[in-house]
Every structure is written in C-alpha cells, then in structure tokens.
Number of protein chains: 2
Amino acid sequence: MHVDVLQTLADPTRFRIVEVLRGGERAVNDLVEQVAIHQSGVSRHLRILTEAGFVQVRPDGPKRIYSLRPEPFRELDAWITQYRRLWEARLDRFAEELDRRQHARKRKETEP
Amino acid sequence: MHVDVLQTLADPTRFRIVEVLRGGERAVNDLVEQVAIHQSGVSRHLRILTEAGFVQVRPDGPKRIYSLRPEPFRELDAWITQYRRLWEARLDRFAEELDRRQHARKRKETEP
DNA sequence: CGTGCATATGCATATACGTGCATACGACGG
DNA sequence: CCGTCGTATGCACGTATATGCATATGCACG
C-alpha cells in the first residue's frame, strides 16, 4: 500500500469530509456547513482528495458535486487484509476466500 | 473510527516499522537497520506507536522486543467495512456476517 | 453585458512534527 | 563497583501543512 492514502485520510477535516460523503454526493457548500472551517479550506481539501483519488467532481450549474470513488478504500482494505491474522487465526482462511470472491465478482453496482 | 489511528500510520517511517513488525517481533536495533533514520528517531516512533496501541514491548535482557497488537488494525478494518459498499454491493451482507462472527469469537477488549 | 452566487487560488501566518545530536538511564558481565 | 551495550529523552532546528483573508474565475439569469 502507499502511505499517501493514509496521509490523505489522516487530516481530521478531510476525514470528516469523507465521512459526510459516505452519506452520498454533496456540493461544496453543503460540506462547508459540516466541517467548521472556511470554504477556501474545504475547496483545498477537496483538491487534495481529488488528486489522491478519493473523490470525483460533477458540475451542476454553478455548483460542483463531489462524491466518493472506491479505489483508495479498496487499496486500504487490501492492505489491512495482511494484518487480519493478528486477530483472526482460524477464520483467516475463510476471510481470505471471501475476499477473493469479492474481488473476482467485481460487480459494479452504484449505491442505494 | 478515530483519526489518531490514521495519523499514526501516516508517517512513512512508522508505516515501515509496522510493516517490518508484521514479519514478527523485533528489537529496536533490528528496526533501525531497516528504516534509514537515526536510532533516537526510531525510539520516538516506537513510543508513538505504543501510545496509539499499535505495539507492545517485552524486555529481553538489555534489549526491548517490540511486536504488533491487533486492536488498531481491527478498528481500521471495522471502519473500512462501512465503505465496502462502494465497490461491493451484493456480497456486503455476507462480509458483515463474517465480521460479526469474528467479533463474537474474540470478545476480549479493554486496555490501558 | 452586468450582477450575483458558487467555487477555486495566491499570499501570509502559525503550528505541528520528524529528525539529528548529545546525553541520560538501565541492565548485565567482569 | 565499573564499563559497555541497548535504548530512551531533552534540546534545537528545519520544514511541511492547515488555515483565513482577499480576490479571481466560472456560470446562470435578467
């Protein structure tokens, strides 16, 4: 895995933004209301998140609608799998197989 | 989840240390050889990792043997589960159930 | 076109943090 | 005891980075 993914998420404000976006796509101003910092800051964080692959933008009139992208989360999930043996022992194989199936399926389905 | 976990991992040197420790317990000097910074820095990082719950120490003569602890990884894994729906859709429930079973097995969790 | 709303960017600042150096602390062997 | 090896800590420094303010850019509508 790559530390950049972690560094991107490690900032409290960006983390919050990501969590809000988990609830669905949002315009910049909607995010500003939830994060307690100035709008310029939010825009800059969104830039960073975009460059790191966490979010994508869709213009809607004068607004810009941001939403999450799966890749970095997937990467993180794949990485942490290597550490599952720390708390599993017996279920390890089972989990790995599940993981394999998920990756194999690769069904794309957008959200509820 | 809590950002501290991410912040702790977000430093390249600490990340490296964690990855090395995935291979098993190590004394401080063993780690120093692998991370390209001064020994004092490594000790400092180990302190941070300890306080964040990532590692534990075991004295061995004059040496100190560090090893990984599962909790923060578990926490991270639990958090990322919320985002699995970004790339899965149907297997989500299955994964959750597996997760539940894992948690049920090891019900032991409190610390300093 | 000009006005207003939504978002991005340049500049300046403060603060946090990783790092090295020197040194202190602790354990063990002679 | 005394010295040495292994590790932790105080101090000083440089740098990265998050933030606010002011302003630029972009888009819609009258």
Side-chain angles (χ1 to χ4, degrees), chain A residues 1-21 23-69 72, chain B residues 1-21 23-69 72 76 112:
Chain A
M1 226 248 317
H2 312 83
V3 191
D4 338 356
V5 176
L6 294 166
Q7 284 173 333
T8 305
L9 277 173
D11 177 78
T13 306
R14 280 196 296 272
F15 185 80
R16 180 102 181 82
I17 290 176
V18 167
E19 293 245 282
V20 173
L21 286 178
E25 51 177 30
R26 303 287 155 101
V28 180
N29 263 337
D30 299 342
L31 294 171
V32 173
E33 293 172 6
Q34 313 246 359
V35 280
I37 72 165
H38 196 271
Q39 171 264 320
S40 65
V42 173
S43 274
R44 231 172 288 117
H45 282 303
L46 285 169
R47 185 163 143 74
I48 295 173
L49 286 167
T50 305
E51 286 168 353
F54 278 87
V55 302
Q56 54 192 356
V57 207
R58 169 174 67 82
D60 174 40
K63 301 188 178 185
R64 301 210 163 216
I65 314 292
Y66 284 85
S67 55
L68 291 181
R69 285 164 49 84
Chain B
M1 226 246 318
H2 314 82
V3 192
D4 338 355
V5 175
L6 293 166
Q7 283 174 333
T8 305
L9 277 172
D11 176 77
T13 306
R14 279 195 297 270
F15 186 80
R16 181 100 182 81
I17 290 177
V18 167
E19 294 247 279
V20 173
L21 286 179
E25 51 175 32
R26 303 287 155 100
V28 179
N29 263 337
D30 298 342
L31 294 170
V32 174
E33 292 172 7
Q34 314 245 358
V35 283
I37 72 166
H38 195 272
Q39 171 264 320
S40 65
V42 173
S43 274
R44 222 174 230 299
H45 283 304
L46 286 170
R47 184 163 143 76
I48 295 172
L49 287 167
T50 305
E51 286 168 352
F54 277 87
V55 302
Q56 55 192 354
V57 207
R58 169 172 68 82
D60 174 39
K63 300 190 180 185
R64 301 210 163 214
I65 312 293
Y66 284 85
S67 55
L68 291 182
R69 286 164 49 84
L76 232 173

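Throughout, a chain's letter reflects where its sequence line sits, starting with A, and its residues are numbered from 1.
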For this session: Hey, could you give me the CG/CZ distance between Leu9(B) and Phe15(B), rounded to the nearest 0.5 Å?
Result: 7.0 Å
Problem set entry | Sub-4.0 Å heavy-atom contacts from residues 53-69 of chain A onto DNA chain C, ordered by number | Pro62(A), Lys63(A), Arg64(A), Tyr66(A)
For this session: Carefully, step by step, assess Arg14(B) and Leu49(B) under the rule side chain to side chain contact (heavy atoms under 4.5 Å, CB included).
Result: CA-CA 8 Å; Arg14(B) 279 195 297 270; Leu49(B) 287 167; 3.9 Å; yes
For this session: Please round to the nearest 0.5 Å and tell me the distance separating atom CG of Leu31(B) and atom CZ of Arg16(B).
Result: 9.5 Å
Seminar exercise, completed: Taken to the nearest 0.5 Å, the spacing of Ile17(A) CD1 from Asp11(A) CG works out to 8.0 Å
For this session: Starting at atom CD1 of Ile17(A), determine the distance to atom P of dT7(C), rounded to an integer number of angstrom.
Result: 13 Å
Problem set entry | Partner nucleotide, any strand, of dC25(C) [Watson-Crick/G-U, under 3.5 Å] | dG6(D)
Problem set entry | Verdict with supporting geometry, Leu21(A) and Phe54(A), side chain to side chain contact (heavy atoms under 4.5 Å, CB included) | CA-CA 10 Å; Leu21(A) 286 178; Phe54(A) 278 87; over 6 Å; no
Exercise. So, does Arg69(A) use its side chain to make a donor-acceptor pair with the main chain of Gly53(A) at under 3.5 Å?
Worked result: yes
Exercise. Is a side-chain donor or acceptor of Gln7(B) paired with a backbone partner of Ala10(A) at a separation under 3.5 angstrom?
Worked result: yes
For this session: Compare all side-chain heavy atoms of Val28(B) with those of Lys63(B) and state whether any distance is below 4.5 angstrom.
Result: no
Exercise. Is there a donor-acceptor pair under 3.5 Å between the side chain of His38(B) and the backbone N or O of Ser40(B)?
Worked result: yes
Exercise. What residues in residues 25-33 of chain B put a non-hydrogen atom under 4.0 Å from any atom of DNA chain D?
Worked result: Ala27(B), Val28(B), Asn29(B)
Seminar exercise, completed: Applying the 3.5 Å cut-off to both distances, the Watson-Crick or G-U partner of dG30(D) turns out to be dC1(C)
Exercise. How does protein reach along nucleotides 9-18 of chain C, written 5' to 3' as B (base within reach of a heavy atom under 4.0 Å), S (only sugar-phosphate), or - (no contact)?
Worked result: BB-------S
Seminar exercise, completed: Output for pair (Leu68(B) CG, Glu19(B) CD), nearest 0.5 Å, gives 10.0 Å
